[in-house]
S.K.: 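Pasting in a structure now, in structure tokens, and then I'll have a few things to ask.
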Amino acid sequence: MQVFGLLGNPVEHSLSPPMHEAAYDALGMDARYVTFEPAPEDLAAAVEGARALGVAGLNVTIPFKRDVLELVDPDPLAERIGAVNAIDLPEMRGYNTDAVGAVRALREHGVDCSGTAVVVGAGGAGRAVAFGLADEGMAVRVANRTAERAEELSADVGKAATAHPLDALPDLLADADVLVNCTSVGMEEDRSPVPAGALHPDLAVLDAVYTPPETRLLRDAADAGADTVDGAWMLLYQGVAAFERWTGREAPVGAMNDALRSGL
Ligand code: NAP
């Protein structure tokens, strides 16, 4: 039996186990996906222990995505983002599938990832999405509440990115093609980080927030005639990327999506 897992704290309510196990069931694989909740000081021992026990792949979530970078051999994108959310074992190679998850979520909804993107938020998700979209060739405008974090992210991304305050959003969005919310605003609360009047029909809007899947931002975007993509698609495609990498098989995306949606 193959074993895959998730390292985080807390991981009790993670949707990764049902999503990955639905894929194993759909393909008749003898595999399990389990969660591990090490104390922060035991992170290195946990990763090494998983390797020693023959775990074939690990996802990594809050609060370990940055710290685990030091424990593995990160690929160039994970290194630039500054976070690892998946590890190949026993090789100890680390990578970041949040970036590819966001890009694929947009592409699978027919969004052309060219032109200009506005990324709201400069935390873990914001960094992954900004690098992912810049690597697709998009000009990226990063808007964040804390100016220094937006500036740091745009400097790290390089000449494709610029940094802005949140109150610049109406101007930033006027000629933009894609908007991605990477703040936690809208999670468990009916609030949007973007003024509804700044949204328009030429925009595609991805909200990284997936609890709830239908956020205030996505409702406002639909009302404005914009295309919308909910955060569960990003979560799905980061899982699909890890599954395909670890198993070398094409992921049963429909089964994984059904499991994820019923978990939500
Ligand atoms: P994080 O590293 O803690 O960053 C939080 C971001 O939200 C920061 O940019 C922060 O701004 C901003 N923020 C928080 N409260 C705010 C407020 N009241 N007004 C304006 N900005 C505010 O968190 P994260 O890991 O990036 O996660 C952000 C969201 O993305 C969460 O909802 C998470 O669940 C979601 N996410 C989804 C996926 C997916 O696959 N769909 C993957 C990763 C994350 P400051 O810098 O000013 O504090």
Side-chain angles (χ1 to χ4, degrees), residues 6 8-11 13-16 19-20 59-69 78 81-86 95-106 108-109 118-133 140-154 156-157 161 163-169 172 179-195 198 205-218 228-243 253 256-257 260-261 263-264:
L6 171 67
N9 201 339
V11 288
H13 300 297
S14 170
L15 295 165
S16 290
M19 178 170 66
H20 282 269
N59 279 129
V60 184
T61 188
I62 288 168
F64 300 133
K65 288 186 188 184
R66 290 188 84 88
D67 292 344
V68 90
L69 196 67
I81 292 170
V84 158
N85 78 333
Y95 44 101
N96 190 307
T97 63
D98 285 335
V100 74
V103 170
R104 190 159 168 200
L106 288 165
E108 295 285 341
H109 285 80
V118 175
V119 175
V120 192
R127 290 190 64 85
V129 169
F131 276 100
L133 294 178
V140 178
R141 297 167 178 167
V142 179
N144 195 51
R145 180 179 60 179
T146 305
E148 300 76 46
R149 276 181 113 184
E151 282 154 16
E152 186 185 352
L153 174 52
S154 90
D156 288 351
V157 170
H164 308 269
L166 290 179
D167 62 13
L169 279 170
L172 299 176
L179 162 67
V180 186
N181 172 41
C182 294
T183 73
S184 44
V185 177
M187 225 173 131
E188 320 286 0
E189 55 179 356
D190 197 39
R191 285 208 303 132
S192 168
V194 179
V205 181
L206 166 63
D207 197 338
V209 171
Y210 56 85
T211 46
E214 194 193 70
T215 57
R216 171 81 170 267
L217 169 62
L218 292 184
T228 61
V229 182
D230 71 48
W233 292 105
M234 176 175 163
L235 185 64
L236 171 71
Y237 285 112
Q238 65 75 32
V240 164
F243 175 91
V253 175
M256 293 174 79
N257 188 39
L260 184 57
R261 299 274 163 185
L264 285 167

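Read the numbers this way: they start at 1 and go in the same order the structure lists the ligands and their atoms.
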S.K.: Sequence neighbours left out, what passes side-chain contact (heavy atoms from CB on, under 4.5 Å) with Pro165? Give chain and number order.
M.R.: Asp167, Ala168
S.K.: When rounded to the nearest 0.5 angstrom, what is the spacing between OG1 in Thr146 and CD in Glu152?
M.R.: 11.5 Å
S.K.: Check ligand 1 for N or O atoms under 3.5 Å from a protein N or O and list each pair with its distance.
M.R.:
unit_1, atom_1, unit_2, atom_2, d
ligand 1, 2 (O), Gly124, N, 2.9
ligand 1, 7 (O), Ser184, N, 3.4
ligand 1, 9 (O), Ala122, N, 3.0
ligand 1, 9 (O), Asn144, OD1, 2.7
ligand 1, 11 (O), Asn144, OD1, 3.3
ligand 1, 18 (N), Arg145, NH1, 3.4
ligand 1, 26 (O), Gly124, N, 3.1
ligand 1, 26 (O), Ala125, N, 2.7
ligand 1, 40 (O), Leu235, N, 3.2
ligand 1, 41 (N), Ala208, O, 2.9
ligand 1, 41 (N), Gly231, O, 2.9
ligand 1, 46 (O), Asn144, ND2, 2.8
ligand 1, 46 (O), Arg149, NH1, 2.8
ligand 1, 47 (O), Arg145, NE, 3.0
ligand 1, 47 (O), Thr146, N, 3.0
ligand 1, 47 (O), Thr146, OG1, 2.5
ligand 1, 48 (O), Arg145, NH2, 2.9

S.K.: Can you name the closest pair of heavy atoms from Val142 and Gly121 and give their distance?
M.R.: CG1-O, 4.2 Å
S.K.: Does Arg261 have any salt bridge (charged side-chain N to carboxylate O under 4.0 Å, His left out) partners at least two apart in sequence or in another chain, and if so, which?
M.R.: Asp230
S.K.: Please collect all side-chain hydrogen bond (donor to acceptor under 3.5 Å, both in side chains) contacts where either partner lies in residues 205-218, sequence neighbours excluded, each pair once.
M.R.: Asn181-Asp207, Asp207-Thr215
S.K.: So, taking the atom named NE2 in His20 and the one named OG in Ser14, what distance separates them when rounded to the nearest 0.5 Å?
M.R.: 8.0 Å
